[in-house]
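Accompanying notes for the structure given below.
All values reported here derive from a predicted model rather than from experimental measurement. The chains referred to below are lettered A, B, ... by the order of the sequence lines, with proteins before strands, and numbering in each begins at 1.
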Amino acid sequence: MINDVYAWLTDGSNWVGGSGDQALTRLYEHLLLTAVSVVMAIIVGLPLAVWLGHRGRGGTLAVNVSNIGRAIPIVALLALLSLGLFGSSVLGPFGRAGLATLVTLALFALPPIITNTWVGMREVDSDTIEAARGMGMSEGEVLRRVELPLALPIIFSGIRLAFVQVWATATIAALVAGPGLGRIITHGYDADDPAEIIAGALIVAVIALMLEVGLAGVQRLLDPVGRARRDTAKRDTRRGSDNRLPVGPTP
Amino acid sequence: MTPSLVPTPSSVHALAVDNCLTRNDWICGAYFSSSRVDALQTALLQHIGIVVASVVLGFVIAFPLALLGRRYRKLEALVVGTSTAIYTIPSLALFSLLVPLTGLGVETVVLGLGLYSLTILVRSMIDGLRAVPDDVRESALGMGYAPARLLWRVELPLALPTIMGGVRVATVSAVALTTVGAILDYGGLGSLLIEGSSTNFKAQVLFTSFMCVALAVALDLLLVGLQRALTPWRRTAASR
């Protein structure tokens with residue numbers, strides 16, 4: 001079995017080939033879908049959550065959006081959108097049902113971004129904000145120069161979570177004949193080829209882990225203050241605190 | 001979703017019989033034929049069975065792991081690290097990676113979802129037990145509670161809300177993720193959903209999607225009720 005999988009992974013024709021839907025094309029689709037949909041969700045969700053957090057409003061929405069997101073199966077939303085509003089036609093480099101997939105992924109990227117951003121904004125110490133106002137900062141300056149920098153680590157962990165979740169969600173697009181690396185796995189099941197199934201699953205899983213580890217590293221680089229603070233204090237109350245809120249599994 | 005009044009001549013069937021099925025409407029009473037209702041019932045029962053089995057499996061494994069993790073710091077780091085890694089692996093890939101171990105059956109789906117539940121539950125159990133105030137623990141020890149009795153009579157009841165929070169997240173997630181089991185033909189409602197999607201059957205897709213969400217909400221409410229029943233002291237505290 002291991003040999004078969006190894007043979008599949010090292011066979012160049014499985015990666016690039018004539019029909020154009022080999023692994024590299026799928027990988028490209030998958031990366032493109034993930035990146036574009038997370039950016040879409042950031043553009044929509046981040047300003048909204050920053051504003052709500054700054055004003056101290058919309059807490060119920062910000063927290064519950066994650067719970068709602070958890071209850072909706074990705075398969076269901078994908079199937080509904082691809083049969084309905086957006087259709088399943090090929091969208092350029094995004095592949096079959098590209099638009100429906102893109103929108104579904106962006107919707108699933110919204111909850112972690114909104115929830116984390118809102119919580120990050122609210123967790124900024126109110127004394128600090130008071131002090132900034134006392135120093136004569138305008139509301140805009142307080143937001144830009146105090147709240148946002150202090151909330152940045154939690155905001156970024158939301159974006160990181162969104163990336164990892166969307167990477168996983170994109171795999172499932174294949175179940176409704178959408179684009180992405182999941183197609184390798186579903187093709188393996190259709191062709192009754194265990195080596196292809198395992199090889200596809202390995203590619204998806206290994207890149208997911210790389211994404212998680214890589215983004216965690218970026219997050220640490222972005223947050224020197226938090227790192228210093230973590231090293232000295234609060235070791236006991238917030239062990240392993242990577243500013244990660246409790247979440248469900250990736251889809 | 002306005003039903004068209006004019007029959008669409010696009011399909012051959014529409015010329016023969018015109019009803020909401022041949023028009024492929026999203027909402028369609030004729031969809032609920034007795035054979036389809038039977039299929040829905042079977043799928044729903046399978047869905048519930050997979051969700052319950054996987055959460056119970058996760059719980060049974062998570063409990064001793066949480067107790068061990070609480071005692072040994074290094075083990076806790078290992079457990080939490082492994083959970084993060086499992087979180088990260090997409091469900092379709094996780095199921096597929098388990099196939100060589102457990103085959104193409106329902107066991108694979110239950111085991112895969114059980115692993116996800118495990119990761120949520122271990123964390124909530126460790127967090128819940130750790131949040132028990134030290135003075136409460138001290139008092140109980142001072143009153144002569146043995147460690148086991150301390151755990152069952154003092155620590156677990158106080159940790160219960162956090163643990164139940166984990167159970168709720170695990171259950172709702174499992175309901176949504178069970179649909180992916182359709183790849184192994186054990187996806188409960190997900191199997192019907194994907195069948196509907198691949199045959200462009202709108203009524204089936206909409207109704208099974210609705211059922212999935214309704215099931216998640218129903219199980220969540222059930223767990224909230226269970227939690228309230230298990231922690232009567234919190235109710236009096238809350239209604240101050």
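No part of B/Phe210 comes within reach of chain A, as not one of its non-hydrogen atoms sits under 4.5 angstrom from that chain. Only the side chain of B/Ile194 comes within contact range of chain A, with heavy atoms under 4.5 Å apart. In this structure, chain B has no heavy atom under 4.5 Å from any part of A/Leu77. No part of B/Leu94 comes within reach of chain A, as not one of its non-hydrogen atoms sits under 4.5 angstrom from that chain. Heavy atoms closer than 4.5 Å to chain B are found in both the backbone and the side chain of A/Leu209.
For the pair A/Tyr189 and B/Leu184, the minimum side-chain heavy-atom distance is below 4.5 Å. A/Pro194 has its side chain out of reach of B/Val99: every pair of non-hydrogen atoms, C-beta onward, lies at least 4.5 Å apart. Side-chain contact between B/Val175 and A/Pro73 is absent, with no heavy-atom pair separated by less than 4.5 Å.
For the atom pair CD1 (A/Ile197) and CG (B/Leu97), the distance works out to 10.5 Å, reported to the nearest 0.5 Å. Rounded to the nearest 0.5 Å, atoms CD1 (A/Ile74) and OG (B/Ser91) are 7.0 Å apart. Distance check, rounded to the nearest 0.5 Å: CG of A/Leu175 to CG of B/Leu193 gives 9.5 Å. The line from OG1 of B/Thr88 to CG of A/Leu211 is 9.0 Å long, rounded to the nearest 0.5 Å.
For B/Leu101, the CG atom sits in a packed shell: over 12 heavy atoms of surrounding residues, nucleotides or ligands are nearer than 6.0 Å.
Smallest separation of non-hydrogen atoms from B/Pro90 and A/Val204: CG-CG1, 3.3 Å. Of all non-hydrogen atoms in A/Val176 and B/Ser197, the two that sit nearest each other are CG1-OG, 3.3 Å. Here the shortest heavy-atom pairing between B/Leu92 and A/Thr171 reads CD2-O, 3.6 Å. Taking every heavy atom of both residues into account, A/Ala71 and B/Ala176 meet most closely at O-CB, 4.3 Å. The heavy-atom pair separating B/Ser173 from A/Arg70 by the smallest distance is OG-CD, 3.1 Å.
The candidate from B/Ser209, B/Ala216, B/Ser198 with the greatest count of non-hydrogen atom pairs under 4.5 Å with chain A is B/Ser209.
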